[in-house]
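These notes are about the structure you will find just below.
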Amino acid sequence: MSKLRERAEREIGPRVIVAASTITAPARAAAAARRATGRSGRLELYFGFDDPASAFAVIDLEQRLQGRKVIFDLLPVVERGIKDDPALERKRIYGITDGRRLGRRIGLTLSRSEPIDPQQTAFLAGWVAAAPRGAALTRFCAAACRRLWFESDGPIEAERYEELWRECFGSAPTADQAAVRANEKQMTRRGPYETPAASIGGRWFFAQDRSAQIADWLDQLGWTVK
């Protein structure tokens, strides 16, 4: 081994490690402070009920968060993406193909062969945006995503989802479309323009293909499964 290489490994290697720890240190310190004061971590997910990739992310992350003291902050949106995008329909059709791939990762088979128009599931976004974050809302979102994309096809009947809501909450849903609009504006302002987008500890992830990395980052922050 050359002296130049030895020096590089001896001096540059540790610097890289130190730099990496410095980058993560503020997020880890913030997470530790939350635990010290009895607070939970918080994983934000911007998602669309009409989006099969979002359905996968909700279901997969709901499983990965079990045993972690982390609030799953589910933030539904309807309008997103690039305005007047000429490739929008092509992307929505590709979403079906990608949804099949994603479903197989968690042992689910996509039941739909056609995209869902965002307005068909806007009522679900309104319900979720109006509800308090917690276990009941997480259960509803995961169950609704399963039913929408992996257990049904054809028309979307609000009555069936109201029954599911009552099972989770014990009462009828209320809608807040203004809160949905606020989620959409917040998502755009913070950077992401498409779903599903997850944020935890100052980092953003494309949630459909980064759920394992999200779990790893939660472990680095100290939110390890108990």
Side-chain angles (χ1 to χ4, degrees), residues 43-67 72-81 88-175 177 180 183 194-198 206-212 214-215:
L43 171 59
E44 298 172 291
L45 180 70
Y46 293 95
F47 74 104
F49 280 105
D50 60 289
D51 173 23
S54 288
F56 165 81
V58 169
I59 295 167
D60 191 35
L61 289 172
E62 188 263 344
Q63 294 293 320
R64 292 179 185 272
L65 291 180
Q66 290 183 12
F72 197 5
D73 195 357
L74 290 150
L75 301 165
V77 299
V78 178
E79 300 292 337
R80 73 274 192 193
L88 178 60
E89 284 306 309
R90 188 164 64 250
K91 289 177 180 178
R92 291 179 63 206
I93 292 170
Y94 172 74
I96 297 294
T97 301
D98 199 38
R100 293 193 186 98
R101 173 185 68 88
L102 293 168
R104 286 193 291 270
R105 291 184 180 179
I106 51 177
L108 296 176
T109 301
L110 200 73
S111 58
R112 290 187 178 271
S113 58
E114 298 290 337
I116 294 175
D117 186 288
Q119 294 306 316
Q120 289 183 283
T121 54
F123 71 94
L124 291 170
W127 293 357
V128 172
R133 275 49 188 155
L137 187 65
T138 300
R139 284 196 303 273
F140 173 79
C141 289
C145 286
R146 283 177 179 270
R147 181 173 292 180
L148 272 168
W149 287 102
F150 302 103
E151 298 174 355
S152 66
D153 198 359
I156 298 166
E157 300 172 348
E159 294 79 6
R160 292 192 64 203
Y161 292 90
E162 183 173 345
E163 291 173 3
L164 182 59
W165 185 276
R166 289 179 181 275
E167 290 175 10
C168 294
F169 286 91
S171 60
T174 58
Q177 295 300 334
V180 177
N183 288 345
E194 191 51 272
T195 56
F206 294 111
Q208 73 272 34
D209 283 317
R210 294 291 182 270
S211 53
I214 290 171

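Just the heavy atoms: all of them, side chains too, but no hydrogens, waters or symmetry mates, feed the values below.
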Legend entry - Rounded distance (nearest 0.5 Å) linking atom CG of D117 with atom CZ of R92: 5.5 Å
Inset, instruction - Please confirm whether the backbone N or O of E151 pairs with a side-chain atom of S111, one donor and one acceptor, at under 3.5 Å? - result: yes
Inset, instruction - Determine, for R210 against D60, whether the closest basic-nitrogen to carboxylate-oxygen distance falls under 4.0 angstrom. - result: no
Legend entry - Heavy-atom donor-acceptor pair, R104 side chain to T109 backbone, under 3.5 Å: no
Legend entry - Gap between atom CG of L148 and atom OG1 of T121 - 0.5 Å precision: 6.5 Å
Inset, instruction - Quick one: list whatever passes ring-ring contact (aromatic ring centres under 6.0 Å, His included) with F169, sequence neighbours left out. - result: W165
Legend entry - NZ/NE/NH1/NH2 to OD/OE distance under 4.0 Å, R160 and E163: no
Legend entry - Any side-chain heavy-atom pair of L124 and P76 under 4.5 Å: no
Inset, instruction - Calculate, to the nearest 0.5 Å, the distance between atoms OG and CZ belonging to S211 and R105 respectively. - result: 6.5 Å
Legend entry - For A130, all residues meeting side-chain contact (heavy atoms from CB on, under 4.5 Å), sequence neighbours excluded: T174, D176
Legend entry - Residues which pass side-chain contact (heavy atoms from CB on, under 4.5 Å) with A144, listed by chain and number, not counting sequence neighbours: F49, F140, Y161, L164
Inset, instruction - Just do the side-chain contact (heavy atoms from CB on, under 4.5 Å) check on L102 and D209 with the steps written out, would you? - result: CA-CA 8 Å; L102 293 168; D209 283 317; 3.9 Å; yes
Inset, instruction - Report yes if some heavy atom in the side chain of V180 is under 4.5 Å from a heavy atom in the side chain of E79; otherwise report no. - result: no
Legend entry - Results of side-chain hydrogen bond (donor to acceptor under 3.5 Å, both in side chains) for D98 - residues two or more places apart only: R101
Legend entry - Shortest non-hydrogen contact between R64 and A212, atoms and distance: NH1-CA, 3.8 Å
Legend entry - Residue list, side-chain contact (heavy atoms from CB on, under 4.5 Å) with D73, at least two apart or on another chain: R42, E44, L75, R133
Inset, instruction - Could you pull out the closest heavy-atom pair between I116 and Q120, with the gap in Å? - result: CG2-OE1, 3.8 Å
Legend entry - Check: R147 main-chain N/O paired with S152 side-chain donor or acceptor under 3.5 Å: yes
Legend entry - Check: I59 and W149 side chains under 4.5 Å, non-hydrogen atoms: no
Legend entry - Expected output: side-chain R112 to main-chain I96 donor-acceptor under 3.5 Å: no
Inset, instruction - Check for a donor-acceptor pair, side chain of Q177 on one end and backbone N or O of A122 on the other, with a separation under 3.5 Å. - result: yes
Legend entry - P196 side chain reached by L45 side chain, heavy atoms, under 4.5 Å: yes
Legend entry - Smallest separation among heavy atoms of A172 and E162, with atom names: CB-OE2, 4.1 Å
Legend entry - Minimal non-hydrogen separation, L137 against L74, with atom names: O-CD1, 4.3 Å
Inset, instruction - Would you mind reporting whether F47 and C141 have side-chain heavy atoms less than 4.5 Å apart? - result: yes
Inset, instruction - Using the test side-chain contact (heavy atoms from CB on, under 4.5 Å), find all partners of R80 that sit at least two apart in sequence or belong to another chain. - result: D50, D51, V77, M187, E194, T195
Legend entry - Flag if over 12 foreign heavy atoms under 6.0 Å of CZ, F123: yes
